[in-house]
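Notes to accompany the following structure.
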Amino acid sequence: MAVQSVPEAGQNPVAGILWMLATGISFVAVTALVKLSAQGLPAAQSAFLRYLLGLVFLLPILGQLSRARISRRRLALYGGRGLAHALGVICWFFAMTRIPVAEVTAMNYLNPIYVTLGAALMFGERLAARRILAIAAAFLGVLVILRPGFREISEGHVAMLFTAALFGISYLTAKLLSERDEASVVVAMMSVTVTIVLAPLALAVWVPPSWQQVVGLFFVAFFATAGHYGMTRAFRAAPLTVTQPITFLQLVWATLVGWLAFGEAVDGWVLLGGGLIVGSVVFITWREAVIKRRVVTPPAGAPET
């Protein structure tokens, strides 16, 4: 007899969807504000100001951070994660000033794909045939967006490819660190280390920013913090299989913002490619959920995935 899945205690799919919608709005606001505020500033300086101004949001957890006992090995991991994330942020800020908002958003969906590949290489996680096909579909989505040979591939597109890879390294390192440290400590240490890494890079190319740019980057930090908070609440409220598909709306909103605020043309190929990438991420997430349920209550005669 088939075993029916029972919702976990405290799960609220509607709340999860609403929190993920708020997350998407926050991240699109981040993208639009960077597009407005970072023009005329070097990418390293824009990234540094965003993280420096964002440190104000860490004040409530400074006590917890000061009490955390971090070993030398984990401190080295935090430093390595800070370096990878800082370089990824620089590439992201650079791309934002070079290519349309929708293309940045669509290519940013590659992060979970790189994480899946990295988990197989670093942690020995098995890549089943279905996962491999989903990853192939995601990279097909990238080709649809870039269309090499049919359009010019700019420096911004190359920067976004590096962004996704560097953020993938950052997230995989965070997975290791979260096994020992509280989530708030992992997030706070990332903000601190990224700010430290970016400081000398920003000073090397420093351009006096205007007050409008400083205020804009402060709100970038605010909406980024709000987005990560909303994402955390969404993950607590509902399974990933419920919340993950909602992320595709970020691409729709980003396309609308690019069209209405910046006069960027609506590119159906970008929507199609982004849809392929998001569909791949949703499929991988769904398969993970199925596998976890089988481990908890494996049905009779269930084949190995």
Side-chain angles (χ1 to χ4, degrees), residues 5-34 50-51 53-65 68 81 85 88-89 92 105 108-113 115-116 167-168 170-192 194 218-254 257 274 277-278 281-290 292-293 296:
S5 60
V6 179
E8 296 181 14
Q11 293 283 290
N12 187 337
V14 174
I17 290 172
L18 292 175
W19 276 114
M20 190 55 78
L21 287 171
T23 297
I25 293 171
S26 296
F27 285 149
V28 171
V30 167
T31 306
L33 285 168
V34 168
R50 172 262 182 267
Y51 273 89
L53 295 168
L55 291 179
V56 68
F57 301 109
L58 297 181
L59 293 177
I61 60 173
L62 282 182
Q64 185 177 358
L65 184 60
R81 187 195 181 197
H85 206 90
V89 170
W92 187 81
T105 303
N108 209 40
Y109 288 131
L110 274 176
N111 293 348
I113 301 300
V115 169
T116 300
F167 281 169
S170 172
Y171 297 149
L172 287 168
T173 309
K175 179 180 179 181
L176 286 174
L177 292 167
S178 63
E179 293 174 358
R180 294 289 302 275
D181 296 327
E182 294 290 334
S184 57
V185 172
V186 175
V187 172
M189 284 297 293
M190 184 198 73
S191 297
V192 171
V194 168
F218 174 79
F219 278 103
V220 168
F222 169 78
F223 280 110
T225 303
H228 285 291
Y229 176 77
M231 185 184 298
T232 302
R233 292 296 301 265
F235 290 163
R236 288 181 180 176
L240 284 172
T241 48
V242 172
T243 59
Q244 197 73 9
I246 307 302
T247 61
F248 181 72
L249 289 177
Q250 291 182 35
L251 179 56
V252 177
W253 293 329
V257 168
I277 298 172
V278 173
V281 173
V282 171
F283 178 79
I284 290 173
T285 304
W286 172 74
R287 288 298 303 169
E288 288 294 325
V290 170
K292 286 181 180 179
R293 285 200 298 269
V296 176

* **Side chain to side chain, T173 and H85, heavy atoms closer than 4.5 Å** => no
* Asked: Does atom CZ of F222 have more than 12 heavy-atom neighbours from other groups under 6.0 Å away?
  -> no
* If you count the non-hydrogen atoms of other residues, nucleotides and ligands that lie under 6.0 Å from CZ in F57, is the total more than 12? -> yes
* **Spatial distance of atom OG1 (T31) from atom CD (Q250) [nearest 0.5 Å]** => 8.0 Å
* Asked: Is there a side-chain contact between F218 and L33 (heavy atoms, below 4.5 Å)?
  -> no
* Asked: Are side-chain heavy atoms of V192 and Y51 found at a separation under 4.5 Å?
  -> no
* Atom of V89, atom of F167 and distance for their closest heavy-atom approach -> N-CE2, 3.7 Å
* **Y109 vs T105 side-chain heavy atoms within contact, under 4.5 Å** => yes
* **Smallest separation among heavy atoms of G230 and T23, with atom names** => C-OG1, 3.0 Å
* Shortest non-hydrogen contact from G54 toward A221 -> CA-CB, 3.6 Å
* Between atom CG of L18 and atom CZ of R233, what is the distance when rounded to the nearest 0.5 Å? -> 11.5 Å
* Structure fact -> Rounded to the nearest 0.5 Å, the CG atom of L55 sits from the CZ atom of R50 at a distance of 9.0 Å
* Asked: Hey, does L249 have a side-chain heavy atom less than 4.5 Å from the side chain of L21?
  -> yes
* To do: For residues A234 and G16, report the shortest heavy-atom separation together with the two atoms involved.
  => CB-O, 3.5 Å
